[in-house]
Every structure is written in C-alpha cells, then in structure tokens.
Protein chains: 2
Amino acid sequence: MTSHDNHAFKPIATVDLAIFSLSPAGLSVLLVRRANAPFSGDWALPGGWIHIDEDADLEAAARRVLKEKTGVETPYLEQLQTTGSRSRDPRGWSISIVYIALLSADDVAERQGGMAAEAEWRMIEGEGVGCPIAFDHAALLKEAVGRIRSKVEYSSLPGHLLPVHFTLSELQSVYETLLGRKLDKSAFRKRMAEADFLEPVEGEMRRASNRPAQVFRLKDTRSLALFDRTI
Amino acid sequence: MTSHDNHAFKPIATVDLAIFSLSPAGLSVLLVRRANAPFSGDWALPGGWIHIDEDADLEAAARRVLKEKTGVETPYLEQLQTTGSRSRDPRGWSISIVYIALLSADDVAERQGGMAAEAEWRMIEGEGVGCPIAFDHAALLKEAVGRIRSKVEYSSLPGHLLPVHFTLSELQSVYETLLGRKLDKSAFRKRMAEADFLEPVEGEMRRASNRPAQVFRLKDTRSLALFDRTI
DNA sequence: TAACTTAGTTGAATATTTACACTAAGGTTC
DNA sequence: GAACCTTAGTGTAAATATTCAACTAAGTTA
C-alpha cells in the first residue's frame, strides 16, 4: 500500500459486549470472571478475539461471543463504539469494538442453563455496577448505560427487554423504571400508537382479577423504532 | 488470556475519515487517489494505519491523518462506526474505524496549500459521490452522509461547517441546504436561542446594502449542541 | 350484587408550533 | 434628501399538541 505496508500495525483486537437484561428493580448487565492474566479473577464485560476462520464480519463475531456466553442467538444487537489506545491493555496497543445486546426476559428465563460458568448478572446502579471491573470496561459500560438511558427517551428500546408477549401497562412500567419517573397513561399510549412498532396478539389477553389487558408483541425484534419526539 | 492467546488474531486495522466541508450547493467530502494496490488509482476516503509509536489512541490517529491530508488541526471530530470483515480488503480480514470530521469554511479557504496532492473535494449527490470508490468506502460514506443529514435535524452541526463568524440568516441557509427544505425564520431563531450554542460577536455586524446583521460564533467548536426536538 | 382493581378512553385547560405580517435599519436611486 | 428596495429581526392569531385528571369498561372477589 504505502511505505507503511512493511510495518503495517496489527493491533490486539477484541469484540466486547455489554449484554443487558431486565431485573425487577431495573437494568442488569452480564459480567464474566476472567480466568487468565491480565486482570485474572476480576469481573469484565464478556468478549473475545475475532476468529478469522469462523467470523465473516464484526457483527458475526459479536453474535458468536453472545451465543457462547448466554446461548441466545437472536438478540437486539447494536454497535456502541470502538476504543483503542496504547495503555488500555498491558499487553500493548489494543482495540475493542463494543456492542450492546438486549436480551428478552424470555431468553434470560429459558437459557439459565446455557449460561457460561463464572458469568453473573449485575444490577446497574447509577452509571455502572458497584464493583471495579477489568481494563477500561467501567468506562465502556458507562457509555453503554448512557446510550440506553438516552434511547429510552425516544425509541422502542424497552420493548426489547420484555418477554415476547406483554401488555401496554407492563411496557409503560419498564419505561418508567428505566427513566426513573412516572409517565401519563394516555400520552404514553398515544406515543406507542404513533410509533407503530407493536402489534396486538389477536385473542390473547392477560387475565387477572380485574379487566383483562390486550397482549402485544414487537413487529420487529431486530430493530428499534424511533419516535418523532421524546416520550 | 484464554486458549486463543496463542493464535490471537491481529487484523489489518486502519482509521478512515469522512471529511466534510460546505460548497455553495451543499456538502462536499474529501477523497484521495490511491497510489498503491489494492485499488491503485481509485478514489477513496483518506485514511491510514495506526502508528503504534506516534498515536496514543484512536482519536489521535484520526487527528494525525486529518492533519496530514488537510493541514487542519482542530476540526469537529466524531467516531462514526467500525466495519470489519473477511472480504472488505483483498489482503485479508481487516477493520476500519471510521471518523467524521467537519471543516469550517475558513479552514478550507486558508489551507488550500496544506492539502495533500491527489486530494479532491467531491460534491455529495444523494447518498454519496457520483463515482465508484475503493473498498467498501461507498457504504461507509453513505452511513456518514446519513448520520450528518440526521443530525442536522436536531443539532448545531451546520454551524461547524460555516466560517468562524456568521449571521443567523447564513446559518439558516445552511440548515435549509442540508435539509432540502425552507424553514420558518422566527421558529428557527427561537430554536437557536433555546439551544444556546451561539454567542454574538460584540460590535461585529455584517454590512450590505440593507439592514446590518449581528455576527455570531459557536460557543464551543469541539462539540455539538443537541436540541430538545427536531428543528 | 356491590365493591374493588386495573384497562382503556375522553375532554377541558394549557402550552407550543406554525404561518405570516409587521417593524427596523441600512443602502441605493433619483 | 426623500422615496424605495432589501434583508434583519419581532410579534401575533390560529392551529396543533400536551398535560392532567376524570371517566367508562370489564373482569374477579367478598
């Protein structure tokens, strides 16, 4: 290519994932305990090398890592950002391509067995988890949490954390939990209707000791719907 | 680290830039002509290897490339996305970290000399330039143009393409050009005032054969202001 | 069957947006 | 220098959207 071709820099490159799910009190992220140096024994975001033979592209690598750690194959997945520097890994100049994955509560419930050993869900408190984590993963997690909280304001993001089937009241409740404030029921329903990302599951009603509620599902589990305005 | 440590994959990694400026009819992007294989002689987004000794982190690498190609040191710079795949470069599995840079019209005017030879401004028409470009750069450019057009709707982005000093009418005109539609003057001025990213240059007025206009500048040339709603 | 609970809708008061007209401040023309 | 032209900048009334809270609906439980 250029004169640089001879000493073309090949960095250490990993794909790391901030995998989120919903716990009753709010957002949780999946952490794994590192088995080897550096940071052996510390908690970290799950990640791994790109497998040149196995992975066709970056997103495929992210899906592979996700499947290895959780057993889940069809999450909502989006690229967050890439960090790279001389100092973030003691082994040398390294790059991390970070993805955000959102797991449906159904996936979390079903795949308890498929979870990697030494993996653990940790509640998000404020901008991160309460304990130190390896590398610059605390900063990456902070970015991820910021992106998620921001997108709750103007997208269908919370719908991707619920079970496949849910009611409007359940959806509203997740928005309220993630936003940390109450929403008006009628305004909320109007926004959801406008954004047009839900479809009723015909004939399915959630029954309790009161008026039954219509059950809905996402029209598209692979992409977010964006609102014209904040919720 | 893990058993992968022995065959830790080290991809080809470059930092590539979509450098935008304003021409009278709209947005332009800087392309360079490739001197070597692959795609020798083709136009491409400017980019380069990471210099392990010179660059502390990815953004530093992007700034270095930008300075080499344009002479500009203080642009607005933001990371767009990272692509990586087996097939995007014939030399093997490769990664490109793509940045968007916005150049002030003053920078473009002043640094005509500092520009790299074999570099050229190309008008954006629709989603890209009218001619084929190397690698997957057409797709990257399309993403970059999409991000820019989207951010015009809810941010101060167009202000970073103007000369350092400008009037509100000039700013509105850039918004209109990039959006492809006319805006209401009074609503536009209200948005700008709310967003609070402009400061008047005291005593400076743009004079013509009509009422003089107050001259403004950005309060912060390194970051975008985001609006509460679309413009 | 009355009471209770949550689902889902309606509507009046309030705030925001939009469209457009208006005033302001120069230079230019005659 | 007065009338006129052009663009800067502001004001306002009508239309639209949001907010807040009450209302009706449909089930279970006592």
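Proteins come first, then strands; the chains are lettered A, B, ... in the order of their sequence lines, and each starts at number 1. These numbers were taken from a predicted model, which means no experiment stands behind them.
Using a cut-off of 4.0 Å between Lys/Arg side-chain N and Asp/Glu carboxylate O, B:Lys219 and B:Glu199 are scored as not salt-bridged.
Between B:Ser209 and B:Gln214, the residue whose closest nucleotide on DNA chain D is further toward the 5' end is B:Ser209. Both A:Ala208 and B:Asn210 lie close to DNA chain D; mapped to their nearest nucleotides by heavy-atom distance, the more 5′-ward contact belongs to B:Asn210. Heavy-atom nearest nucleotides on DNA chain C were determined for B:Ile231 and for A:Ser169, and the one closer to the 5' end corresponds to A:Ser169. For the pair B:Arg207 and A:Ala213, both in contact range of DNA chain C, the more 5′-proximal nearest nucleotide belongs to A:Ala213.
In this structure, the CG atom of B:Leu168 is 16 Å from the P atom of D:dT7, given to the nearest Å. B:Gln172 places its CD atom 13 Å from the P atom of D:dT10, with the value rounded to the nearest Å. Following rounding to the nearest Å, A:Leu183 (CG) and D:dA21 (C1') show an atom-to-atom distance of 16 Å. Atom CZ in B:Phe188 sits about 19 Å away from atom P in D:dG11, given to the nearest Å. For the pair A:Lys190 NZ and C:dA7 P, the interatomic distance rounds to 21 Å; values are reported in whole Å. Atom CE in B:Met205 sits roughly 11 Å away from atom P in D:dA8 (whole-Å rounding). When rounded to the nearest whole Å, the span between CZ of A:Phe166 and P of C:dT6 equals 20 Å. The CD-P distance, from A:Glu170 to C:dG8, rounds to 10 Å in whole Å.
Within 4.0 Å (heavy atoms only), A:Thr167 reaches no atom of the nucleic acid at all. The residue B:Arg229 sits close only to the backbone: its heavy atoms come under 4.0 Å of sugar-phosphate atoms, none of a base. B:Arg191 comes within 4.0 angstrom of the backbone, heavy atoms only, and of no base.
Among the nucleotides D:dT29, C:dA25, D:dT6, the one closest to the side chain of B:Pro212 is C:dA25. Relative to the side chain of B:Asp184, the nucleotides D:dC20, C:dG8, C:dC20 differ in distance, and C:dC20 lies closest.
Considering only side-chain N and O atoms, A:Lys185 lies nowhere under 4.0 angstrom from the phosphate OP1 or OP2 of C:dA7.
Of the options A:Leu66, A:Leu17, A:Leu102, a side-chain contact (heavy atoms from CB on, under 4.5 Å) to A:Pro75 is made by A:Leu66 and by none of the others. Of the residues listed (B:Glu78, B:Arg63, B:Gln79), the one engaging B:Tyr99 in a side chain to side chain donor-acceptor pair (under 3.5 Å) is B:Gln79, and it is the only one.
Not a single donor-acceptor pair, N or O on each side, falls under 3.5 Å between the base of D:dA26 and the side chain of A:Arg211. Judged by distance alone, with hydrogens and angles left aside, B:Ser186 brings no side-chain donor or acceptor close enough to the base of D:dG9 to form a pair under 3.5 Å.
Without hydrogens or angle criteria, A:His137 side chain to A:Pro46 main chain gives no donor-acceptor distance under 3.5 Å.
Ring planes of B:Tyr175 and B:Phe188: perpendicular class, angle over 60° (limits at 30 and 60°).
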